[in-house]
K.L.:
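My structure is below; once you've seen it, I'll send some questions.
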There are 4 protein chains.
Amino acid sequence: MPTKKKPQVTAAAPARRRELLDTAAEVFAEQGYNATTVRKIADHAGMLAGSLYYHFDSKESMLEEILRTFLDELWDGYDTVLEAGTGPRETLEALVTESFREIDRHRAAVAIYQKESKQLVAQERFAFLAESQRRFEKAWLSTLERGVAERVFRADLDVRLTYRFVRDTVWVAASWYRPGGQHSPEEIARQYLSMVLDGIAVRA
Amino acid sequence: MPTKKKPQVTAAAPARRRELLDTAAEVFAEQGYNATTVRKIADHAGMLAGSLYYHFDSKESMLEEILRTFLDELWDGYDTVLEAGTGPRETLEALVTESFREIDRHRAAVAIYQKESKQLVAQERFAFLAESQRRFEKAWLSTLERGVAERVFRADLDVRLTYRFVRDTVWVAASWYRPGGQHSPEEIARQYLSMVLDGIAVRA
Amino acid sequence: MPTKKKPQVTAAAPARRRELLDTAAEVFAEQGYNATTVRKIADHAGMLAGSLYYHFDSKESMLEEILRTFLDELWDGYDTVLEAGTGPRETLEALVTESFREIDRHRAAVAIYQKESKQLVAQERFAFLAESQRRFEKAWLSTLERGVAERVFRADLDVRLTYRFVRDTVWVAASWYRPGGQHSPEEIARQYLSMVLDGIAVRA
Amino acid sequence: MPTKKKPQVTAAAPARRRELLDTAAEVFAEQGYNATTVRKIADHAGMLAGSLYYHFDSKESMLEEILRTFLDELWDGYDTVLEAGTGPRETLEALVTESFREIDRHRAAVAIYQKESKQLVAQERFAFLAESQRRFEKAWLSTLERGVAERVFRADLDVRLTYRFVRDTVWVAASWYRPGGQHSPEEIARQYLSMVLDGIAVRA
DNA sequence: AATGAATGAGATTTCATTCAT
DNA sequence: GATGAATGAAATCTCATTCAT
């Protein structure tokens, strides 16, 4: 087997990479991407800062891989939901539940995404975030619009505002959610859906 | 040349200070505190980086002053609401409306607060953030609990979860809100309250 | 005078820049570009490594400016010679003499150019070196060709080989030439021309 | 596991060593010694960076061996020429021809020698370069001086300047020469000698 | 009030080299 | 003989901050 160059970007030895990326994601989520030094990541991984560069090209490439991996899995889940062809209310419920499951599985990545993506999209390298945002918006908006058309969701709301409301409502949870706590993701999803769909006021 | 240097802590020329702090807040909000260099702030203000130090002790002191000013005004508003002694639903409506007014007035500061406060509270200097968070939580929680007790809000909800839901729901709006847009803060507050209180589903 | 940004690339304060560039060129020439650390340059300039970045964007940008400045001046001289419309022998003599004068004035830059340009041209940023090389080749080749046509230069030589011979013959001198030595540039030019034109063998 | 590690200094498996050194020389010549990473050499050789250390002690020892091998062969050729006891013109012609043959055989090594030796001589390890330079200078100078004494070369030339002229004139050719091109080394030597001995001007 | 120049600490990155397997 | 992972030293660069003018 001749000349291969760069072991890094190749998904050659995925085990150690994954470990290190999980570590990095944890630190990024906790301290913020900019405030996280490569040394801190290395400390957490029990190695020297320079050693990380055997596995990754740069701090930024770690961030990219963390976000890409997360979004790939997220869309796997979402696509399954969207292709199921269920009614708008069931679709919305499934999307919310799926979102909380992703928060459960990728808490760190979600927190990073929430905090950093607005800054990152401007960079060419992170253009895939914008693409994901577009698909995201389309999925939610069309579900809401179908729901309004089918009189399942209230027609007197501004749809874009409602979209933002639902979207944010779900994802900010990543900032306080701790996996393994007293609530399972499905339980939290159920409560959130109850609030979003029926409100917190007592029905007249 | 008598006495000391550095007139900054002196409240002299408060107009220029305010201008500069607004500029700084804008840049902090747009790029993130860590990613914002003193040079960028100075560029926006039409001066050189070093010149800012005539007005402020440090980058951190700018951040502190921005957040303190915002929280002081926020609590002026909240305290008025809380001391009015209205019923839980009216109090909640007033708090949400007041919050959107603050977002309107201090959009940059709110965005900074949302993004950075979690990291900052750990520092002695920003302990006032923790204090504010405690008062905040108390205000909302007690309003919700009063509402549940008075059967104005649903009893079947996890109150802490509901608190986070309402809190996040309101404040994340700062990440997309643009003052002077098509919706006034009061209008947005009304729509949000409608969703939060009554849900987005059509009533059976 | 409002917002100006970046004092560096702007030719704002040319005095200190020039000093620092001269220092840098000296070190680059002596130790080679790659082997020269920014710290060494700073040491020679009596400042700290980081301080250089107030004046220049990067080590590479120093190199670029050194080479550009040199080539600009070189072409000022060459163009004057080429536009004089003299015969091929006089043109060649003038070009050689001008070259030794440039070596005298920009010894460091010439040495750097000689040693590094082959590696550098591959980079986008140093594409201007390729452009200069093309003009260079054209100037010398056409002079030689005119000379052959006018029977001033021998016709039995391979013109491209002759071009390389003459070109290298002149410029490698930069690797050993020391300004202020016993020979003036004009004197060296005269000797070189004597060898190049008439050879070192005794005439039959 | 008895005795030591590292069999490299042992002359075992000299074929692979030679191959690897040729590869290394090629890369050193193309990119410069400092700019060449051990990884690049390994890439070209189809192995990983660390694997090179089975064969060699260090990057520097590769360089040393490349230059030593080249100079050993060079001096074999030169000594034969110098001991032949021919007249100064024939000696000079033979030295130049031999030089072009060496460029043909060791193009990479010659290019490295040209570019790096000035920096290297300062190091103890490369003191042999200085020794070679002294012998080199002596060989050429004495040949030129004999030529002047025997009225074969012009007496009106500065001998040291002429020495540098001839030396540079020959060796820089390594920077553009490509083996297997249209000119054989002997052909190029003949043309160079024609220029050096008789000049490029038409004889009056 | 502001500029221009510098400092100094620390960040990211590079890379020759080592070594257990 | 070669790989994969790591080390550790050093290099480039960034940036908040200082200070004489």
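Naming: A, B, ... by sequence-line order, numbering from 1 per chain.
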K.L.:
What integer distance in Å separates C/M62:CE from F/dA11:C1'?
P.N.:
13 Å
K.L.:
Name all pairs fulfilling the salt bridge (charged side-chain N to carboxylate O under 4.0 Å, His left out) condition that reach into residues 23-37 of chain A, sequence neighbours left out, sorted by first residue then second.
P.N.:
A/E26-A/R107
K.L.:
Is the shortest side-chain N to carboxylate O distance from A/D72 to A/R68 below 4.0 Å?
P.N.:
no
K.L.:
With A/S132, which residues qualify under side-chain hydrogen bond (donor to acceptor under 3.5 Å, both in side chains), at least two apart?
P.N.:
A/W75
K.L.:
Listed by chain and number, what are the side chain to side chain contact (heavy atoms under 4.5 Å, CB included) partners of B/D22, not counting sequence neighbours?
P.N.:
B/R18
K.L.:
Run the side-chain hydrogen bond (donor to acceptor under 3.5 Å, both in side chains) test against C/E116 and tell me which residues pass, sequence neighbours left out.
P.N.:
none
K.L.:
Can you name the residues that form a side chain to side chain contact (heavy atoms under 4.5 Å, CB included) with D/A24, not counting sequence neighbours?
P.N.:
D/F28, D/I41, D/M62, D/I66
K.L.:
In this structure, how many angstroms lie between the P atom of F/dT12 and the CG atom of C/L63, rounded?
P.N.:
13 Å
K.L.:
CG of B/L52 versus P of F/dC19: gap in Å, rounded?
P.N.:
17 Å
K.L.:
Going by side-chain hydrogen bond (donor to acceptor under 3.5 Å, both in side chains), name the residues that satisfy it together with D/K40, two or more places apart in sequence or in a different chain.
P.N.:
D/Q31
K.L.:
Let me know the distance between CZ of C/R17 and C1' of E/dG4, rounded to the nearest Å.
P.N.:
14 Å
K.L.:
Just N and O in the side chain of A/H55: are any of them under 4.0 Å from OP1 or OP2 of F/dG4?
P.N.:
no
K.L.:
Between C/G46 and B/L20, name the one whose nearest nucleotide on DNA chain E is closer to the 5' end.
P.N.:
B/L20
K.L.:
Calculate the interatomic distance between B/Y54 atom OH and F/dT17 atom C1'; express it in whole Å.
P.N.:
17 Å
K.L.:
Among residues 114-129 of chain B, which residues get a heavy atom nearer than 4.0 Å to DNA chain F?
P.N.:
none
K.L.:
Protein within reach of the bases, or only the backbone? For nucleotides 8-14 of chain E, mark each nucleotide 5' to 3' as B, S or -, using heavy atoms under 4.0 Å.
P.N.:
B--SSBB
K.L.:
Once side-chain hydrogen bond (donor to acceptor under 3.5 Å, both in side chains) is applied, do any residues pair with B/E65, and if so which ones, sequence neighbours excluded?
P.N.:
B/R17
K.L.:
Which pairs pass side-chain hydrogen bond (donor to acceptor under 3.5 Å, both in side chains) with one or both residues in residues 117-130 of chain D, sequence neighbours excluded?
P.N.:
D/E60-D/R125, D/E64-D/R125
K.L.:
So what is the 5' to 3' dot-bracket string for DNA chain E, if pairs are Watson-Crick or G-U wobble with both distances under 3.5 Å, crossing pairs use [ ] and | means the partner sits on another strand?
P.N.:
.||||||||||||||||||||
K.L.:
How would you list, by chain and number, every residue that makes a side chain to side chain contact (heavy atoms under 4.5 Å, CB included) with C/A130, sequence neighbours excluded?
P.N.:
C/V121, C/R134
K.L.:
Is there a donor-acceptor contact under 3.5 Å from the side chain of A/K115 to the main chain of A/V110?
P.N.:
no
K.L.:
Just the rounded figure in Å: distance from C1' of F/dA5 to CE of D/M47.
P.N.:
18 Å
